[in-house]
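Indexing begins at 1, ligand by ligand and atom by atom, following the structure's order.
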Amino acid sequence: MREAMARAVVGDEQSDSDPTTRALCERVAALLGQEDGVFMPSGTMCNLVAILVQTRAGDEIIVDDQSHIYNTEAAGSAAIGGVSVAALRTPAGIYTPEQFEAAIRTPARTAPRSALVSVEQTTSFSGGSVWDLADMRRIRDIAHARGLKAHIDGARLLNAVVATGIPAAEYAKGFDSVWLDLSKGLGCPVGAVLCGTKDFVVEAWRWKYRLGGAMRQSGVIAAAGLYALDHHIEQLAADNANLRLIHEAVRDLPGLAFDPTAGQSNILVFSVEGLGVTAAAFAERCLAEDVRVRAIGAFQIRVTTHLDVDRPGAERAAEVIRAVAQGFAERR
Ligand SMILES: *Cc1c(COP(=O)(O)O)cnc(C)c1O
């Protein structure tokens, strides 16, 4: 990847004349079955720009209550777009089409206007669950019938693709905006590509520029994205398999609690509350054994597999999590 970056042919991205960035945008747009794409510094900016283009101040967007948009984007849509967020309570980041439809506001002079719905495929903080294609399509169709735009936060869309065998373009079909993160499982240092119609991308460019996201010789980093699409997609399947291995090794341990949907892709979330310890204490014990897991709540642990964790690494992570859980269980 570093060599591909060093060899990249570059130009000026702001004037759309960086050939490597253009190639990356076209490649991702084709992968997602969209007309065009725009390179962004981050997935967070993709979500924000998609919201800014497709809403106006005083509108409301509908997301799940564990979504990245709602929890970890510093309320960008509210702070910059003046948009309020209806966050649907979900078991594993996945709401039903009925739940979504019930959340759409009846037009009234007193109500915010429901303008956009977002589906996070796969879910992040709720454990890598994979949305069902039929549900995504029903949500998309309900949105369009009721005058809303439909957005996919596809930070890890390709993890869903390798888990189900359903092509990315099938998931993205008919959605108004969709993006992929290059810096998650694909292993790039930076970047994401936001896609939609040509008209959408024209407007997305205006916001990208306004937010300071326009670049110069971005081909240096876009080349990493092209390299990852050539060489790292198979790795995502290995990440999912490594996660499954960890899940199977720890799922029956007393004191740990898992969602029924756990283990579908490369993220595993579980509760350690039954061990009588905090997630922070649990994570600290794992780290002392060189296994880094993340405390994402008082009692919730998140485990993520990625291209720096090989099969033996996953086996070792499973052993350490097991031993730490058993150690805490014995102390009770
Ligand atoms: C990581 C992530 C983002 C944000 O992407 P960055 O590139 O870190 O800004 C958005 N949504 C989901 C679901 C993510 O996992």
Side-chain angles (χ1 to χ4, degrees), residues 24-25 28 32 37-52 61-81 85 87-88 90 92-95 116-131 136 150-163 168 171-172 175 177-195 204 207-208 211-213 215 218 221-222 224-225 228-229 232 236 239-240 243 261 264-269 294 296-297 300 302-308:
L24 174 67
C25 291
V28 175
L32 300 180
V38 51
F39 190 43
M40 293 287 195
S42 69
T44 300
M45 199 183 281
C46 291
N47 277 336
L48 178 60
V49 166
I51 293 165
L52 291 169
I61 62 173
I62 301 175
V63 303
D64 82 81
D65 69 345
Q66 295 168 71
S67 61
H68 200 278
I69 289 177
Y70 187 50
N71 294 288
T72 49
E73 298 187 1
S77 57
I80 300 166
V85 182
L88 304 179
T90 60
I94 304 226
Y95 49 83
L116 176 113
V117 61
S118 174
V119 167
E120 195 176 286
Q121 176 76 308
T122 62
T123 70
S124 171
F125 294 107
S126 31
S129 9
V130 176
W131 280 79
M136 286 176 67
H151 170 73
I152 299 176
D153 174 342
R156 296 187 184 80
L157 177 60
L158 296 181
N159 282 89
V161 169
V162 300
Y171 281 120
F175 277 81
S177 50
V178 50
W179 61 274
L180 287 186
D181 212 323
L182 301 168
S183 68
K184 298 285 169 74
L186 289 174
C188 298
V190 60
V193 181
L194 173 63
C195 296
W207 272 112
K208 166 180 152 95
L211 295 170
M215 294 173 252
S218 58
I221 47 179
L229 292 172
H232 289 173
L236 300 177
D239 294 344
N240 288 355
L243 195 284
T261 56
Q264 293 181 341
S265 61
N266 73 319
I267 300 174
L268 182 65
V269 170
R294 186 165 164 194
I296 58 166
Q300 296 288 109
R302 186 172 79 156
V303 174
T304 307
T305 53
H306 51 83
L307 83 176
D308 297 323

Heavy-atom donor-acceptor pair, Asn266 side chain to Asn240 backbone, under 3.5 Å:
no
Check whether any N or O atom of Lys184, backbone or side chain, sits under 3.5 Å from an N or O atom of ligand 1, and answer yes or no.
yes
Checking the N or O distance criterion of under 3.5 Å, is ligand 1 in contact with Ala155?
no
Counting heavy atoms only, which part of Met45 comes closer than 4.0 Å to ligand 1: side chain, backbone, both or neither?
neither
Using a 4.0 Å heavy-atom threshold (strictly under), name the region of Phe125 that reaches ligand 1: side chain, backbone, both or neither.
neither
For Asp153, take its heavy atoms, then give the atoms of ligand 1 lying under 4.0 Å from any of them.
10 (C), 11 (N), 12 (C), 13 (C)
Do Tyr171 and Gln121 come close enough that some side-chain heavy atom pair is under 4.5 Å?
yes
Closest heavy-atom pair and its distance - Ala92, Ser129
O-OG, 2.7 Å
Which heavy-atom pair separates Leu32 from Ala172 by the least distance, and what is that distance?
O-CB, 3.4 Å
Using a 3.5 Å cut-off on N or O atoms only, is Glu73 in polar contact with ligand 1?
no
Closer than 4.0 Å to some heavy atom of Arg156 - which atoms of ligand 1 meet that?
15 (O)
Do Leu52 and Leu211 have side chains that approach each other closer than 4.5 Å (heavy atoms only, starting at C-beta)?
yes
Which atoms from ligand 1 have a heavy atom of Ser124 less than 4.0 Å away?
13 (C), 15 (O)
Identity and separation of the nearest protein heavy atom to atom 9 (O) of ligand 1
Thr44 OG1, 2.7 Å
Report yes or no: does Asn71 contribute a side-chain atom to a donor-acceptor pair with the main-chain N or O of Asp65 at less than 3.5 Å?
yes
For atom 5 (O) of ligand 1, what is the closest protein heavy atom, and at what distance to 0.1 Å?
Asp181 OD2, 3.0 Å
Side-chain donor or acceptor of Glu120 paired with backbone N/O of Asp64 under 3.5 Å:
no
What is the nearest protein non-hydrogen atom to atom 4 (C) of ligand 1, stated with its residue, atom name and distance?
His68 CE1, 3.3 Å
Looking at Glu120, which atoms of ligand 1 are within less than 4.0 Å of one of its heavy atoms?
13 (C)
pair Met136-Ile152: side-chain heavy atoms closer than 4.5 Å:
yes
